[in-house]
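Below you'll find the structure I mean.
Every number for a ligand or one of its atoms is a count from 1 in the order of the listing. Keep in mind that what you see is a predicted model, and the values were worked out from it rather than measured.
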Amino acid sequence: MIGPVMHSRALAVLGGEPAFAEPLHVGRPNIADRANVLSRLNGVFDRRWLSNEGPLVLELEARLASWLGVKHCITVCNGTIGLELTIRALDLTGEVIVPSFTFVATAHALQWQDITPVFCDVRPETHTMDPASVERLITPKTTGIIGVHLWGQPCDVDAIGALARARGLRVLYDAAHAFGCTHAGRRVGSYGDAEVFSFHATKVFNTAEGGAITTNDDELARRCRLMRNFGFTDDDRVDYIGINGKMNELSAAMGLANLDDIDAFIDANTRNYRAYREGLRGIPGVALVLHAENERRNHHNVVIHLDPAQAGLDRDTLRDVLRAENVLVRRYFWPGCHRMEPYRSHFPNAGLLLPETEHIAARVLSLPTGSAVSASDVATVCEIIREAVRQADSIAATKRR
Ligand SMILES: *Cc1c(COP(=O)(O)O)cnc(C)c1O
């Protein structure tokens, strides 16, 4: 976590001291009931069993599979390794189509194994992959599609599944944002050939570092399990190339305790999301990314879209104003993977094919939420945004000076 940083007060809009004495972060970890965590940790120390298919990892895998409604759950040491393992277990090669508007790990997991990520565009309403854009990018070298359930909004899994079946492609979903989110009433976790979750500290459900691969495919699950443990099929027999992707017992203890409290975390996020929706209402040029009301959402990512023409100030200026008040918002996922290395050098003109990605990436901000953020904190953040837009002309004058 970034330490306390005091930003220039020049752009402050509320006057006096910064609105928050302590910085308000995006992605401050949710921490389960401490007695629950500590008693589980004591069990780990009593058993002196710290890793390698320990009892808590097995318990967590069973509980997650049942909670997510999927046959197999294979925990891993982080979400990125989970993506890399699944990509290899699915035998993906050549080119794989993936959105550019995601955390860079989604693309890196491919490039790390010399598979070319081919970047598709996203839909403006949901920010998830546009199946029409995917279809246009399929070539004879394409072997798969990786969709990202961005901000916890599931991809159009029906259209993507149909396209993949018609073209003989494998489908993997990066579900790092979508723990507990539903599509057609069914929790994310069993769509496509497999899905991968991240349980990083900053996610709604965390194990400090960790993740999981979920699938209904028995053979794929078997391969992922073997590859997670160096490819060992017996004490000293190795049948596959593998890696060390195991989750440890301390992380599993954290995960079991956090799973006990997951409803409370999601309730806090839902309360904050509704408070943002109220607090931002009617501010010119500021639109909260809204979620379907008939599906379950974790509301872990609260995202606004700023139209600079209507608001009178651009996204980066609003970010500076919020920072001056100690609200450390983030520009997820600016500037898009296609403008990061090595992809920028590989595809210098990729942006021409990604108009929505370029448009959205320059206009969104992620706002603080989570169990460490109260409804009154949210009201204050909304007030700062409202004042920033009201004072847009004088802010522009301050910036020119
Ligand atoms: C967090 C995240 C990851 C990476 O997960 P780690 O557990 O940090 O390796 C991958 N994809 C997306 C979209 C993420 O937000």
What is the nearest protein non-hydrogen atom to atom 11 (N) of ligand 1, stated with its residue, atom name and distance? Asp174 OD2, 2.7 Å
Check ligand 1 against Ala176 and write out every atom of the ligand that is under 4.0 Å from a heavy-atom position of the residue. 2 (C), 11 (N), 12 (C), 13 (C), 14 (C), 15 (O)
Check whether any side-chain heavy atom of Phe205 sits under 4.5 Å from a side-chain heavy atom of Asp261, and report yes or no. no
Side-chain donor-acceptor pair present, Asp121, Ser133, cut-off under 3.5 Å: no
For ligand 1, note which part of Glu209 has a heavy atom under 4.0 Å away: side chain, backbone, both or neither. neither
Return the closest protein heavy atom for atom 3 (C) of ligand 1 as residue, atom name and distance. Phe103 CD2, 3.7 Å
Should one rank Glu84, Lys203, His149, His108 by closest heavy-atom distance to atom 15 (O) of ligand 1, which comes out on top? Lys203
Would you mind telling me if ligand 1 is within reach of the side chain of Thr102, the backbone, both or neither, using heavy atoms under 4.0 Å? side chain
Can you check whether Val378 reaches Val373 side chain to side chain, under 4.5 Å on heavy atoms? yes
Check: Leu288 and Ile304 side chains under 4.5 Å, non-hydrogen atoms: yes
Ligand 1 atoms in contact with Ser198 (distance to a heavy atom under 4.0 Å): 1 (C), 5 (O), 6 (P), 7 (O), 8 (O)
Report yes if the side chains of Ser366 and Val329 come closer than 4.5 Å at any heavy-atom pair, otherwise no. no
Gly79, any N or O under 3.5 Å of ligand 1 N or O: yes
Give the numbers and elements of all ligand 1 atoms closer than 4.0 Å to a heavy atom of Gly210. 7 (O)
Atoms of ligand 1, numbered as shown, that sit under 4.0 Å from any heavy atom of Thr106: 11 (N)
Passing option when Asp316 is tested against Arg363, Arg323, Arg331 for salt bridge (charged side-chain N to carboxylate O under 4.0 Å, His left out): Arg331
Among Phe265, Tyr276, Tyr273, which one satisfies ring pair (Phe, Tyr, Trp, His ring centres under 6.0 Å) with His299? Tyr273
If you scan protein heavy atoms around atom 4 (C) of ligand 1, the nearest is Thr80 OG1, 3.6 Å
Would you call Arg40 and Asp260 a salt bridge, using N to O less than 4.0 angstrom? yes
